[in-house]
**Student:** 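So that we are looking at the same thing, I have put the structure below in structure tokens.
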Amino acid sequence: LDAMPGKQMAIDADLNAGLVSDADARKRRLNVAREADFYGSMDGASKFVKGDAIAAVVIVLVNLFGGIAIGVLQLHLSVSDSIQRFALLSVGDGLVSQIPALLISVASGVIVTRSVSDQRGGLGAELFTQLLQNRRVLGIASAALAAVALLPGMPKLPFLFLAAMFLILRARATDPVEATDDASSPAAPAIPEDDAVAELRVEPLELELATDMFDLADSVRGGTLLERVRGLRRQIARELGIVLPLVRTRDNVLLAPSTYVIRLYGVEVGRGQAPPGHVLVLAGDDGPIAGGIPTTEPVFGLPAAWVPDQLADHHRARGATVVDRSSVLVTHLSDLVRRNAGSLLSRQDVQQLIDGLRMTAPALLEDIGANGVSLAEIHAVLRSLLDDLVPIRDLVRILEAVTARARDTRDREQLVEAARHVLAAAISAQAAPEGVLAAITIEPSLEQQLIQARRVGESGSFLDLDASRMERLIRATAEAVIAGQSRERRVALICSPQLRPVMQRLVGRGAQCPPVLSYNELVPTIVVEPVEVIDLAYASQEI
């Protein structure tokens, strides 16, 4: 009862910080009110039971000592005979009187605490649910009755019969399911929904297949697409730290044969072909693949061809890379998911991630509420990190860095840079998995001039350059990236922290684009090898 005001203040603080919605706050307040009613009622019931128990003990003692005195003084019994006779009578009378007292106390406790439940059917339905439909309660009752039957002098047959009856009830009982607000929960009745209304719902991820491709999703015909998509969701969770929304897979009669389409919030973001009875063979140094349908690998843009299944072993023997249809589709979906992970992370997903820290990092959540960091700001930081292909699995350190930096500024780019700084080791290891980073740098004087030309607007920082100079900078950056990637090595662009967001937008994001790191994100365990330098003819001129 003393903790109730503190719980109410914690709910208000979480609501003001944006960590919980209004509906969640109302639900938590209702739970607190129910707890207050329950503990208040139990306080009164415990006082009543306590007084009744003390009175029963006093009565037993009075009967015991009074009986002994009467036996010795009036009946002229010996002390031992008086104690034996009246002690047995007093204890027996006490036990008999305590049975109705116990029943009355239990009934009183049940009645005064009934306000904690809102179950339909009233008190009788709740008693039936809690006593006769709870496997644990029935199991404990059966074990207790069996133990009583084993006591010396107790009638075994009635207690064993009752124990067997409770054991049978336990085998048929099912634990009650807690009611939820989710209409899809087994405890909640299904709400009929018009098909037209269901079609209006926009799914985060959709995979549409042509009618001749649905064998990939049919497990009866050996299709493994759905299982691989589930495996992709687990892989994305391990790599990026987010739970990928369910991928709605359906057929579309309007699609051309052997075509699939990947949609993000109803917008097409990828399309490809996977002809039935064919496998994808990537072209090697031998030139075009004979006997196949020329195509392009959807993720890396490599030349390839669809060849019949009968020729798959032939091309494997020649050393070519052969990929089945399901792998092609899942690889394409995986690439699009990684590039659009920031868009797939909803604010509700962020709320669930934060709720998962309530047991492991409660002090961090209190710090977030104290500094007034809203859920929208945390959502924006996490989306920016995912857009840069930076995993958010280390959520605790990310939130600690954002909270500390939010005391000085609420600029989104600075909050993102603070989070990237604590993830420097992971970012560097991702850019240089072998410990050597092939780096593209900016000519020092040009970099200083770009820093001076940097401006901050409502949508972030930008470079205040005229069109011709911006075009030359973009062209020089693209040429340096292409030259660095032509060395068949993974390259990364390194620049100052002030320029990193701007250069990231110039370079782009995706599997083909190199990551952009700031000097603060380089760790001592990484060896940096410069391979290209971005330099302009006007680098010495004033910008």
Side-chain angles (χ1 to χ4, degrees), residues 1-3 35-117 122-173 175-176:
L1 290 176
D2 295 337
E35 289 182 8
D37 293 341
F38 175 79
Y39 292 124
S41 301
M42 286 299 298
D43 183 60
S46 63
K47 292 179 180 179
F48 171 78
V49 174
K50 178 181 178 181
D52 186 63
I54 294 175
V57 171
V58 171
I59 292 174
V60 170
L61 294 177
V62 169
N63 290 337
L64 176 61
F65 290 105
I68 294 173
I70 292 174
V72 173
L73 299 178
Q74 293 185 1
L75 301 179
H76 305 289
L77 297 175
S78 64
V79 176
S80 59
D81 292 340
S82 180
I83 292 176
Q84 181 179 3
R85 177 180 300 181
F86 288 100
L88 182 63
L89 293 176
S90 299
V91 172
D93 179 70
L95 291 177
V96 171
S97 62
Q98 283 302 304
I99 292 176
L102 177 62
L103 295 177
I104 293 174
S105 300
V106 172
S108 301
V110 170
I111 292 175
V112 300
T113 59
R114 71 186 186 277
S115 60
V116 74
S117 174
L123 182 61
E126 184 174 0
L127 282 175
F128 179 79
T129 300
Q130 294 184 2
L131 297 180
L132 298 181
Q133 286 190 350
N134 192 309
R135 296 172 59 88
R136 179 178 297 179
V137 172
L138 294 174
I140 294 174
S142 177
L145 290 172
V148 172
L150 299 178
L151 295 177
M154 300 299 293
K156 294 180 172 51
L157 185 60
F159 286 102
L160 291 178
F161 174 76
L162 291 175
M165 184 183 66
F166 279 109
L167 193 62
I168 294 174
L169 291 176
R170 181 184 182 276
R172 296 184 177 182
D175 290 335

**Student:** Please identify each residue that fulfils side-chain contact (heavy atoms from CB on, under 4.5 Å) with Ala146, with sequence neighbours left out.
**Tutor:**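 Partners of Ala146 by the side-chain contact (heavy atoms from CB on, under 4.5 Å) criterion, ordered by chain and then number, come out as Ala163.
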**Student:** How many angstroms lie between atom CG of Leu167 and atom CG of Leu160, to the nearest 0.5 angstrom?
**Tutor:** 11.5 Å
**Student:** With rounding to the nearest 0.5 Å, note down the distance linking CG in Leu64 to CZ in Phe86.
**Tutor:** 10.5 Å
**Student:** Atom CG of Leu138 and atom CE of Met165: how far apart are they, to the nearest 0.5 Å?
**Tutor:** 9.5 Å
**Student:** Measure across Ser78 and Val72 and return the closest heavy-atom pair with its distance rounded to 0.1 Å.
**Tutor:**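 Looking at all heavy atoms of both residues, the shortest contact is O-CG2, 4.4 Å.
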**Student:** State the CD1-CZ distance between Ile70 and Phe65, to the nearest 0.5 angstrom.
**Tutor:** 14.0 Å
**Student:** Gly67 and Ser82: which non-hydrogen atoms are nearest, and at how many Å?
**Tutor:** O-OG, 3.7 Å
**Student:** In Å and rounded to the nearest 0.5 Å, what is the CD1 to CD1 distance from Ile68 to Ile83?
**Tutor:** 4.5 Å
